[in-house]
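Below, read A as the first sequence line, B as the second, and so on, with proteins coming before strands; counting in each chain starts at 1. Keep in mind that what you see is a predicted model, and the values were worked out from it rather than measured.
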2 protein chains.
Amino acid sequence: MGKLREMLDADCGLPAALEVMGERWSFLILRAAFNGLSHFEEFLSGLGIARKILSNRLAKLVEHGILERTPQADDRRRVAYTLTPKGLDLLPAMLALRQWGVKYGLGVQSDLVLVDCRDHRPIAPIGIHAHDGRPIAYADLKWLYRTDVGEP
Amino acid sequence: MGKLREMLDADCGLPAALEVMGERWSFLILRAAFNGLSHFEEFLSGLGIARKILSNRLAKLVEHGILERTPQADDRRRVAYTLTPKGLDLLPAMLALRQWGVKYGLGVQSDLVLVDCRDHRPIAPIGIHAHDGRPIAYADLKWLYRTDVGEP
DNA sequence: CGGTATCCACATGGATACTG
DNA sequence: CAGTATCCATGTGGATACCG
């Protein structure tokens with residue numbers, strides 16, 4: 001993979017991403033949010049997480065702009081946590097991780113499949129693609145300096 | 001997203017994936033492995049991780065079949081940790097996470113870009129695609145029972 | 001070189017009780 | 001309902017020393 005070694009030096013956004021999502025519960029809370037859960041007690045009972053940890057994680061996710069905290073208009077005690085665009089953008093990463101887990105037979109076998117609602121066929125495995133959509137193999141990847149790329 | 005709520009009930013492979021990769025250093029060690037690092041001391045100085053933690057994480061990654069531990073033929077004290085196919089399969093998840101971090105301006109701006117070596121153009125953002133390669137929007141996803149999918 | 005062993009600080013996580 | 005407060009056990013992480 002050639003120049004890939006340099007990926008190490010660059011603080012490549014991965015450590016930054018992990019700062020938020022690297023904590024054990026963060027992805028599970030995110031998944032729950034994708035599932036439509038939005039209230040404290042829903043997360044609490046849905047995930048089996050400790051109140052303190054949930055409180056802490058929600059605050060961190062809000063702080064990082066992944067969830068948005070909005071008190072209800074009717075009952076101001078009631079608070080809804082909803083995904084921001086930034087949070088929604090984590091779906092590919094989450095699905096990639098999930099697919100990996102499924103592929104290697106970890107966890108419980110589910111009989112639910114994520115499909116494209118247009119043709120009711122399962123989505124493709126999340127993978128690496130060239131700018132034009134061609135799948136790329138691991139061996140065909142290379143690091144280049146921004147100034148050396150073909151067309152911007 | 002309709003039936004997505006059921007994703008919660010299913011132990012969908014995500015928790016299983018997180019059991020290994022959910023620990024803070026796991027992804028960083030993996031990234032280092034992708035960068036070509038393979039020896040204990042390389043990881044140690046490359047990552048600035050504590051010996052004990054590194055030892056523990058490497059053992060766990062090996063135990064889960066993500067890294068392979070092979071003592072060198074010439075010097076049996078020397079051990080190489082290399083990515084297994086299962087480990088290599090984590091690249092999309094890692095890149096998706098990394099791209100997310102980069103997209104939202106987290107971490108240090110790198111001047112290195114991952115490109116397809118055939119045309120030297122940056123790879124596409126990791127995303128969700130239908131079986132035939134069409135990109136799918138979040139709103140077009142749906143959960144179906146395995147028995148209800150179009151063609152297997 | 002590739003680890004254990006030890007010590008210590010602090011974070012994580014669970015349980016439970018309390019509050020506005 | 002959505003937290004905060006408290007207690008406690010265990011895990012994480014760093015530093016350092018030691019070992020085959």
Quiz item: A:L61 CG to D:dG3 P: how many Å, rounded?
Solution: 13 Å
Quiz item: In the single-linkage hydrophobic clustering (I, L, V, M, F, W, Y; side-chain heavy atoms under 4.5 Å), do A:V113 and A:V102 co-cluster?
Solution: no
Practice problem: Rounded to the nearest angstrom, tell me the gap between atom CZ in A:F43 and atom P in C:dG13. | Solution: 16 Å
Exercise. Can you tell me which residue pairs pass the salt bridge (charged side-chain N to carboxylate O under 4.0 Å, His left out) test with a partner in residues 65-74 of chain B, sequence neighbours excluded?
Key: none
Quiz item: Does a side-chain N or O from B:S55 land closer than 4.0 Å to OP1 or OP2 of C:dG2, or not?
Solution: no
Quiz item: Where the side chain of A:Y81 is concerned, which of D:dG3, C:dG3, C:dT12 is the nearest nucleotide?
Solution: D:dG3
Quiz item: 5'-most contact on DNA chain C: A:R24 or B:E41, nearest heavy atom basis?
Solution: B:E41
Quiz prompt | Evaluation steps, side chain to side chain donor-acceptor pair (under 3.5 Å), between A:K86 and A:H64 | solution = CA-CA 9 Å; A:K86 184 173 172 180; A:H64 283 85; over 6 Å; no
Self-check item: Closest non-hydrogen atom pair between B:A124 and A:A130, with its separation
Solution: CB-O, 3.4 Å
Quiz item: Hey, are the side chains of B:I66 and B:L90 touching, using non-hydrogen atoms and a 4.5 Å cut-off?
Solution: yes
Self-check item: Rounded distance (Å) that lies between atom P of D:dG14 and atom CG of B:L28
Solution: 11 Å
Quiz item: What is the bend of the helix from C:dC1-D:dG20 to C:dG20-D:dC1 when you compare the axis at one end with the axis at the other, using five pairs each and rounding to 10°?
Solution: 40°
Quiz item: Does A:V79 or B:N56 map to a spot on DNA chain D nearer the 5' end, using the closest nucleotide for each?
Solution: A:V79
Quiz item: To the nearest angstrom, how far is A:L54 atom CG from D:dC1 atom C1'?
Solution: 12 Å
Practice problem: Let me know the distance between CG of A:L58 and P of D:dT4, rounded to the nearest Å. | Solution: 10 Å
Quiz item: Does a nitrogen or oxygen in the side chain of B:R69 sit under 4.0 Å from OP1 or OP2 of C:dG3?
Solution: yes
Practice problem: May I have the distance from B:L67 (atom CG) to C:dG2 (atom P), rounded to whole angstrom? | Solution: 14 Å
Exercise. Would you mind telling me which of D:dT12, C:dT12, C:dG2 lies closest to the side-chain atoms of B:R57?
Key: D:dT12
Quiz item: Taking atom P of C:dT12 as reference, at what distance in whole Å does atom CD of B:E19 sit?
Solution: 19 Å
Quiz item: Has A:H39 got a side-chain N or O lying under 4.0 Å from the OP1 or OP2 atom of D:dA2?
Solution: yes
Quiz item: With a 4.5 Å limit on heavy-atom distance, are the side chains of A:R121 and B:D132 in contact?
Solution: no
Practice problem: Please examine the side chains of B:M21 and B:L61, heavy atoms only from C-beta on, and report whether any two atoms are closer than 4.5 Å. | Solution: yes
Self-check item: Flag for A:H39-A:R78: side-chain donor and acceptor within less than 3.5 Å
Solution: yes
Quiz item: Which letter, B, S or -, goes with each nucleotide of nucleotides 14-20 of chain C from 5' to 3', with contact meaning a protein heavy atom under 4.0 Å?
Solution: B-BB---
Quiz item: Quick one: does A:L67's side chain get under 4.5 Å of A:L58's, heavy atoms only?
Solution: yes
